[in-house]
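So the structure is just underneath, and the comments pick up after that.
In what follows, every heavy atom counts, from backbone to side chain, and hydrogens, waters and symmetry copies are set aside. Chain letters run A, B, ... following the sequence lines, proteins first and then strands; every chain starts at 1.
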Amino acid sequence: MSSASEVVLRVEDLTIRYGSLTAVKDATFEVGPGEIVAIIGPNGAGKSSFLSAIAAIAPKTRGRVEICGRSTDGVPRSEIVRLGAALVPEGRQIFTTLSVIENLKLGATIRRDEEIASDLEAVFVEFPVLAERRRQMAGLLSGGEQQMLAIGRALMSRPRLIMLDEPSLGLAPMAIARVYDKLTAIRSRGVAILVAEQNAARAFAVADRVLIMSHGRFSLSGRPDEVRAHRDFDGAYFGVVMGGVSR
Amino acid sequence: MREAAQVLVDAVSVGGLYALTALGIGMIFGVMRLVNFAHADLITFAGYAILMFFAQSTMLAIVAAVIAAIVLALITERTAFRPLRGANPETLLVSSFAVSFFLEKTLIMVVGGRPKGVDFLPGLARQVDVAGVRLQLLHLVTIAISLALLAGTTWILRATRLGLEMRAAAENFRMAEALGVRANRVIAAAFAISGLLAAAVACMIVAQTGLVQPRMGLQLVVIAFVGTVIGGLGSLPGAAIGGFLVGVASILLQALLPEALRPFREAFVFVAVALVLIVRPLGLFPSRSLRQRI
């Protein structure tokens, strides 16, 4: 890809307020091509609001978001994926009344090329459990299988970036391990991954970079080993320390 | 025996009309959570389009009815319902009443409130002999057209990209949008299809009754709406089946009730509806996505 060196996601001074409540304050960071970045923080730290604002699911109050070099200001929800960023939302949000294959085809809504069918087969190779159940209603899949379907659906848009909101929520440890294996495999093909997680252990194991979010701010960031070794880590995770350490 | 077959064909043809009407209402409810009572006016306006052109040519009248209903459906979407997108269902319901009243009163102002006779498709008003039973040709044609339109709508929903996007939007609009589904496209498509169905119903109703009048759509839509509730709001097969059952029930009651009770047949239909809803409050075929919303 000719533009492989460009930043896939750039966020500057993003602030999100709901009435008088500030969910995210002055968040700034970037995701480079093929990078896995994890945003870690306790429930209510603002991770979901943050991803939702990037995906235009929820409005932002202030700040700038660029996906593959293009601003998302005034861009409607349906066009974000056309800029190159696919969302795997919290709770997976698969279409339970549609079949597995229909869910995957919807992932390719933005495409009109001839390779959709071969990409479908590639997803079935990547996720054999979906291939076995391609005609079944997606609502009949287990939680882990639904998470795989949501990731496969995101891949069908051929994104430069996949954003996952709490992919391990409600899953058994085995299923969580499979999800993170897949994320590593996807990254090896050059797709960048931004994952918001409460479950720090998994994210630390696969991420190139982690950002600790508490009370709507990034309080620590850096390589996983750096962040873990930092003396403020426990405090930052639980929101006691507000000062930041930059990479 | 012969009489039973005649009543049955009559009942099925009326059931077909209600099924098409309920399907038109169900389409819009699916993608927008809007119970569109202005669907009545799509039927009525299509009826008046037939009145304007039937004397010149049957084909022209049918084309005019289709264009009138589709254009009116798209105009109401663009001007009245699009600004309210995302509003709660109660607001949408009240606004659809407002649109319906506005259209009906405007029509009365322009053409008057009296019914007008229309000799539309007189060639179908004869009896044909099928296996020794004399049946109304019009009833048979109505059944055939209803089946064709139900099959066509099913095909669009099941086999086309647009249909897949519409079904996805009906289950989870936000997620569909996040995948790149454009709201304006699926909602306009749903309105256009509901307009087409309304035009077909108008053609068959006008041919059967030989009349157009400003409230011709309303009674159909109220009964068909009851059908969508019985079938399960939010489920399209449910809407079609519910509409069909209500239509069939009203004709069978007309035939089977003692003479003195016939004027009250609708009361019996509604009692049956109440019983169905007591046993199955979400309808016969409840929509999974709607259940989650509640």
Can a donor-acceptor pair be found, under 3.5 Å and without considering hydrogens, that links the side chain of Ser95(B) to the backbone of Leu92(B)?
yes
Quick check: under 4.5 Å, non-hydrogen atoms only, which of residues 161-170 of chain A neighbour chain B?
none
Of all the residues in residues 61-76 of chain A, which have a heavy atom that comes within less than 4.5 Å of a heavy atom in chain B?
none
Side-chain donor-acceptor pair under 3.5 Å between Thr28(A) and Glu12(A), yes or no?
no
Between Thr184(A) and Tyr180(A) (side chain of the first, backbone of the second, donor and acceptor by atom type, cut-off under 3.5 Å), is there such a pair?
yes
I'd like to know if the side chain of Ser78(A) pairs up with that of Glu177(B) as donor and acceptor (distance under 3.5 Å, no hydrogens or angles considered).
no
Could you walk me through whether Phe225(B) and Phe29(B) pass the ring pair (Phe, Tyr, Trp, His ring centres under 6.0 Å) check?
CA-CA 11 Å; Phe225(B) 172 64; Phe29(B) 184 82; 8.4 Å; no
Identify the residues of residues 112-121 of chain A whose heavy atoms come closer than 4.5 Å to a heavy atom of chain B, ordered by number, or report 'none'.
Arg112(A), Ile116(A)
Would Gln136(A) and Ser99(A) count as a side-chain hydrogen bond (donor to acceptor under 3.5 Å, both in side chains) here? Give the steps.
CA-CA 5 Å; Gln136(A) 265 186 32; Ser99(A) 70; over 6 Å; no
Side chain, backbone, both or neither of Arg82(A) within contact of chain B (heavy atoms, under 4.5 Å)
side chain
Report which part of Ala176(B) has an atom under 4.5 Å of a heavy atom belonging to chain A: side chain, backbone, both, or neither.
both
Identify the heavy atoms of Ala169(B) and Val31(B) that sit nearest to each other, and give their distance.
CB-CG1, 4.5 Å
Between Leu106(A), Leu87(A), Val81(A), which has the largest tally of heavy atom pairs under 4.5 Å with chain B?
Leu106(A)
Between Ile223(B), Thr228(B), Val229(B), which is the residue that forms a side-chain contact (heavy atoms from CB on, under 4.5 Å) with Val246(B)?
Ile223(B)
Applying salt bridge (charged side-chain N to carboxylate O under 4.0 Å, His left out), which residue pairs with at least one partner in residues 179-190 of chain B are found, sequence neighbours left out?
Glu79(A)-Arg182(B), Glu165(B)-Arg185(B)
Side-chain touch Phe285(B)/Arg280(B), heavy atoms, less than 4.5 angstrom
no
Gln146(A) (side chain) donor-acceptor with Gly143(A) (main chain) under 3.5 angstrom:
no
Who among Ile110(A), Asn103(A), Leu98(A) has the most heavy-atom pairs with chain B under 4.5 Å?
Leu98(A)
Taking atom types as modelled, is there a side-chain donor on Asn36(B) or Ser96(B) under 3.5 Å from an acceptor on the other?
no
Distance under 6.0 Å and angle within 45° of the ring axis: does Arg134(A) meet both against Phe124(A)?
yes
With distance as the sole test, does Thr91(B) use its side chain to make a donor-acceptor pair with the main-chain N or O of Ala87(B) at under 3.5 Å?
no
Do side-chain atoms of Arg187(A) reach the backbone of Leu183(A) as a donor and acceptor pair under 3.5 angstrom?
no
Heavy-atom distance under 4.5 Å to chain B: side chain of Ile57(A), backbone, both or neither?
both
